[in-house]
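Count residues from 1 along the sequence.
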Amino acid sequence: MTFSGSNVLITGASKGIGAQIAKTLAGYGLKVWINYRSKPELADNLKNEIESSGGKAAVIKFDASVEEEFVAGLKAITESDGALSYLVNNAGITNDKLALRMSVGDFDSVIEANLKSCFIGCREALKIMGKQRFGSVVNIASIIGERGNMGQTNYAASKGGMIAMSKSFAYEGAPRNIRFNCVTPGFIKSDMTDELKPEAVESYLKNIPLARFGEANDVAEAVAFLLSNASSYITGEVLKVNGGLYM
Ligand code: NAP
């Protein structure tokens with residue numbers, strides 16, 4: 001895959017899927033900006049790991065759901081590099097409860113962290129990339145935003161919202177050669193899935209046609225494709241990375 005751009009910001013990249021996206025994109029030659037909110041040591045370790053493999057990386061702290069912080073972070077990046085070629089809105093949280101027990105505060109916390117942060121990132125990317133007449137944005141939504149899930153009304157609303165919002169941004173970005181797409185992961189191996197009981201793992205696997213949980217790199221390679229020149233005619237699309245669990 002080739003990339004006409006030079007740098008990328010990944011939100012919430014100090015661990016999990018975001019960290020793997022950073023490693024994979026650095027492997028494709030992009031300078032990666034690793035955003036973290038609360039764990040500088042993880043972000044610094046990742047930067048060192050990428051640099052020791054010959055990649056380019058930098059660390060930037062901000063809370064993606066706070067407008068002033070996100071805007072200031074992007075300003076620092078564009079002042080340093082003179083451009084922002086790509087953005088991956090990956091930062092996200094869950095706060096699961098059955099709807100009958102979910103407070104409006106529980107609902108809002110997930111909408112703020114997942115949907116609002118994504119809106120701020122897409123809007124600011126549109127401004128910066130609009131001037132460049134070039135850019136590509138990938139938003140990490142979820143299979144739950146496509147099919148819903150018990151105990152996740154807030155998370156489903158945030159991720160479904162990201163999908164619809166990305167399509168709207170795709171319309172607004174297209175005249176300026178800026179693409180907006182989503183990746184929707186299914187079950188990806190993570191701290192969360194590592195804690196599942198063997199019986200639960202077995203029952204989940206029965207429903208996944210490819211009969212395995214995904215690896216973070218399965219998501220990262222899909223992101224790389226949607227940022228790269230290989231997908232230059234694709235915008236407003238949703239790329240499922242779920243082993244066939246939801247087709
Ligand atoms: P994770 O290990 O919990 O990592 C999430 C990252 O997001 C953390 O580094 C966290 O930082 C950061 N973050 C959260 N809110 C933030 C904010 N407001 N500003 C900046 N950073 C923030 O989760 P993951 O499994 O890698 O998930 C990554 C993304 O994939 C999420 O959007 C998730 O919804 C999506 N996804 C995951 C799966 C899965 O199976 N794992 C499936 C579908 C979709 P702190 O540690 O500082 O809070």
Side-chain angles (χ1 to χ4, degrees), residues 1-13 17-18 21 24-25 28 30 32-33 35 64-65 67 70-71 73-74 77-78 83-92 110-148 155-186 218-242 246-247:
M1 277 185 280
T2 59
F3 294 81
S4 295
S6 55
N7 67 352
V8 57
L9 166 65
I10 304 132
T11 64
I17 293 172
I21 293 171
T24 300
L25 295 179
Y28 281 113
L30 297 178
V32 296
W33 285 87
N35 161 245
S65 63
E67 183 179 17
F70 205 152
V71 170
L74 284 166
I77 292 170
T78 50
L84 177 72
S85 312
Y86 307 112
L87 169 66
V88 182
N89 286 304
N90 166 78
V110 176
I111 297 292
E112 287 246 327
N114 299 359
L115 184 58
K116 189 173 117 184
S117 66
C118 182
F119 168 72
I120 297 166
C122 290
R123 187 194 66 190
E124 294 305 307
L126 190 53
K127 286 183 198 165
I128 296 165
M129 295 171 183
K131 289 192 193 126
Q132 302 167 177
R133 288 288 192 267
F134 174 82
S136 179
V137 176
V138 173
N139 297 325
I140 309 300
S142 168
I143 187 174
I144 307 304
E146 299 172 300
R147 47 149 278 184
Y155 186 75
S158 74
K159 296 295 185 177
M162 282 171 71
I163 293 170
M165 189 173 74
S166 301
K167 293 181 184 188
S168 304
F169 270 109
Y171 280 111
E172 297 197 22
R176 296 171 181 137
N177 192 31
I178 306 157
R179 300 182 293 114
F180 290 85
N181 290 289
C182 283
V183 169
T184 53
D218 293 320
V219 178
E221 292 289 356
V223 171
F225 167 68
L226 287 173
L227 295 179
S228 77
N229 298 340
S231 62
S232 62
Y233 199 51
I234 299 176
T235 194
E237 193 49 80
V238 180
L239 182 49
K240 297 182 179 76
V241 181
N242 65 26
Y246 180 77
M247 300 186 196

Inset, instruction - Just grab all the side chain to side chain donor-acceptor pair (under 3.5 Å) pairs involving residues 232-242, residues at least two apart or on different chains. - result: none
So which heavy atom on [X] is nearest to which on [Y], and how close?
| X | Y | result |
| --- | --- | --- |
| S158 | N114 | OG-ND2, 3.1 Å |
| M162 | L115 | N-CD1, 3.5 Å |
| T24 | A220 | OG1-CB, 3.4 Å |
| C118 | N89 | O-ND2, 3.9 Å |
| T184 | I143 | CB-N, 4.0 Å |
| A141 | P185 | O-CD, 3.3 Å |

[atom2] on [Y] to [atom1] on [X], rounded to 0.5 Å:
| X | Y | atom1 | atom2 | answer |
| --- | --- | --- | --- | --- |
| F180 | C122 | CZ | SG | 5.0 Å |
| L226 | S136 | CG | OG | 7.0 Å |
| R147 | Y246 | CZ | OH | 8.5 Å |

Legend entry - Between N139 and S166, a side-chain donor and acceptor under 3.5 Å: yes
Inset, instruction - Tell me yes or no: between the side chains of T2 and N229, is some donor less than 3.5 Å from an acceptor? - result: yes
Inset, instruction - Check each of D218, V88, V219 against I17 using the side chain to side chain contact (heavy atoms under 4.5 Å, CB included) test, and report the only one that passes. - result: V219
Inset, instruction - Identify the residue among V223, L87, V32 that makes a side chain to side chain contact (heavy atoms under 4.5 Å, CB included) with I10. - result: V32
Please tell me if the side chains of [X] and [Y] come closer than 4.5 Å, counting only heavy atoms from C-beta onward.
| X | Y | value |
| --- | --- | --- |
| I140 | I21 | yes |
| F134 | I178 | no |
| N7 | L30 | no |

Checking [X] side chain against [Y] main chain: does a donor-acceptor pair fall under 3.5 Å?
| X | Y | answer |
| --- | --- | --- |
| T11 | N90 | yes |
| N181 | G236 | yes |
| R176 | Q132 | no |
| R179 | V138 | no |

Legend entry - Residue pairs involving residues 116-132 (criterion salt bridge (Lys or Arg N to Asp or Glu O under 4.0 Å); sequence neighbours excluded): E67-R123, E112-K116, E124-K127
Legend entry - Sequence-distant partners of A230, side chain to side chain contact (heavy atoms under 4.5 Å, CB included), two or more places apart: M1, F225, S228
Legend entry - Plane angle bin for F3 and Y86 - parallel if under 30°, tilted between 30 and 60°, otherwise perpendicular: perpendicular
